[in-house]
Amino acid sequence: MNTLQPYLEQNKEKYLNELLELLRIPSISADEKYAADVNRAALFVKEQLLNAGVDKAEICETNGYPVVYAEKFLDAKLPTVLVYGHYDVQPADPLDLWTSPPFEPVVKDGNIYARGACDDKGQMYMHVKAFEMMVKNNVLPCNVKFMIEGEEEVGSVNLEAFAEANREKLKADVMLISDTSMIANDVPSITTGLRGLAYLEVEVTGPNLDLHSGVYGGAVANPINILCDMISSLHDADRRITIPGFYDDVDDVSKEERDMMASAPFSLDDYKADLGINEELGEKNFSTLERVSIRPTLDVNGIWGGYIGQGAKTVLPSKAHAKISMRLVPNQKNEKIMQLFEAHFKKIAPPYVKVKVMPHHGGEAAVTPTTSVAYKAASKAMEQTFGKTPIPLRTGGSIPLVTMFEEVLGIKSVLFGFGLDSDAIHSPNEKFGLFNYYKGIETIPWFYKYFTEMSVGN
Ligand code: BES
Ligand code: MN
Ligand code: MN
């Protein structure tokens with residue numbers, strides 16, 4: 001694999017320009033206005049996989065956006081790596097907070113700025129280029145499959161059916177995913193757990209029409225005021241969630257794992273300074289790192305109702321709305337949590353309002369093994385290129401596919417992320433470091449080498 005380094009040096013500019021081309025496609029899966037662009041991104045990925053040297057690549061239709069599937073087969077005796085990534089991105093708004101337009105990538109101060117630069121186009125494309133390097137230099141050691149989807153940011157709702165319909169096609173020894181972050185560029189880490197998600201929307205209705213807030217205010221319940229009361233009652237003074245049964249299935253985390261988390265390099269002062277906050281806030285008796293990884297949460301993601309236009313309008317609105325997400329931990333089931341939420345929210349609704357609860361998407365939490373051959377290969381690969389053993393650490397984001405694939409296909413994952421938490425994914429001015437992009441391309445072939453050696457040797 002050492003022979004690949006000069007090859008990478010020679011191709012750096014080309015590899016960067018190709019990624020920039022992909023980043024120019026506004027493949028926002030949540031907004032149907034961009035449907036043609038999402039499909040165009042799928043085609044781009046397919047073409048680039050063909051250029052990189054796969055035997056075949058195809059656009060697989062689903063009930064939503066297509067999955068790009070590709071493979072290169074060497075020998076049935078060799079292991080097979082299934083690479084997963086996504087070509088869809090989050091909406092870019094609020095647009096006025098971007099320093100440069102989200103779909104006109106800019107390379108500045110060692111970073112690529114664009115929506116999707118890190119999540120996940122940049123990280124997914126590292127795999128295409130690492131594969132290309134191995135093929136062009138005749139050092140690809142095992143079979144490879146790619147499954148690149150276009151609906152990750154909207155909950156991967158059609159992927160379970162895709163997995164069930166394509167069991168043979170997707171057979172693999174491990175799923176390799178770069179869609180998470182590391183602690184720092186000089187502190188490599190491997191993600192060993194993700195949280196699940198239950199996402200829903202609520203509507204609170206008061207009077208059957210908007211009212212003059214002077215004529216009626218004081219005598220008729222204002223649904224925005226009531227919604228705020230209801231939402232604030234969902235946490236107690238210890239910042240624990242008050243929904244009955246919410247914590248029933250939460251797995252305890254071993255003292256060893258908690259001790260290891262406590263020893264991970266983390267500065268609360270830097271954390272607060274980076275975010276511009278004076279104090280952190282979270283569940284009593286847990287550290288910041290624990291609160292964002294091994295503990296479940298409830299957050300309002302959006303809230304609206306009444307008058308939000310220019311100037312002032314005196315109105316007592318008929319309706320109030322909120323989008324609410326709960327991050328879940330292993331053993332909590334998103335469907336059960338949605339039901340618990342719905343029952344509780346309806347129960348706490350006072351008689352002067354009506355409440356509707358509408359589920360959006362969900363996904364289960366994941367824990368990935370640290371004792372597997374694949375984890376050891378990933379760890380050795382990072383050690384090789386970073387000069388340090390990566391730290392195993394759970395994180396707070398969600399990738400619903402990880403547990404779904406383990407349940408449906410029996411394939412376990414390695415979360416081989418090269419981004420940073422400071423890359424502002426889902427936020428304005430998302431970025432991905434050039435260091436991270438090239439380091440990923442450099443490290444991935446070592447994973448293939450060690451994974452194949454260790455698997456065949458077994
Ligand atoms: N790549 C992220 C998940 C992630 C980010 C995991 C950082 C760990 C560290 C993924 O694209 C994502 O944003 N997932 C969504 C869930 C999905 C169901 C919409 C999320 O976590 O909000
Ligand atoms: Mn992602
Ligand atoms: Mn994302």
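Only heavy atoms go into these numbers, but all of them, side chains included; no hydrogens, no water, no symmetry mates. The structure displayed is predicted, hence computed values, not measured ones. Counting starts at 1 for both ligands and their atoms, in listed order.
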Residue H426, metal the Mn ion (ligand 3), N/O/S under 2.8 Å: yes
If you take the nearest heavy atom of each of P400, G397, S325, which one is closest to atom 6 (C) of ligand 1? G397
cation_pi(K439, F418) dist<6.0 Å, angle<=45: no
Can you list the atoms of ligand 1 that are under 4.0 Å from a heavy atom of R327? 20 (C), 21 (O), 22 (O)
With respect to the Mn ion (ligand 3), please indicate if D119 possesses an N, O or S atom at a distance under 2.8 Å. yes
Under 6.0 Å from the six-membered ring centre of Y113 and within 45° of its axis: does the NZ or CZ of K431 meet both? no
Here's one to test your reading of the geometry: is the NZ or CZ of R291 within 45 degrees of the ring axis of F286 and under 6.0 Å from its centre? no
State yes or no: are the ring centers of F146 and F131 separated by less than 6.0 Å? yes
Roughly how far apart are E406 CD and L401 CG, rounded to 0.5 Å? 11.0 Å
Which N/O/S atom belongs to E153 and is the closest one to the Mn ion (ligand 3)? OE2
Judging by distance only, is a nitrogen or oxygen of T180 under 3.5 angstrom from one on ligand 1? no
If the cut-off is 2.8 Å, does any N/O/S atom of D179 fall short of it from the Mn ion (ligand 2)? yes
Axial cation check for Y199 ring with K323, 6.0 Å and 45° limits: no
Could you name the option among T395, I425, V292 that has the heavy atom nearest to atom 7 (C) of ligand 1? I425
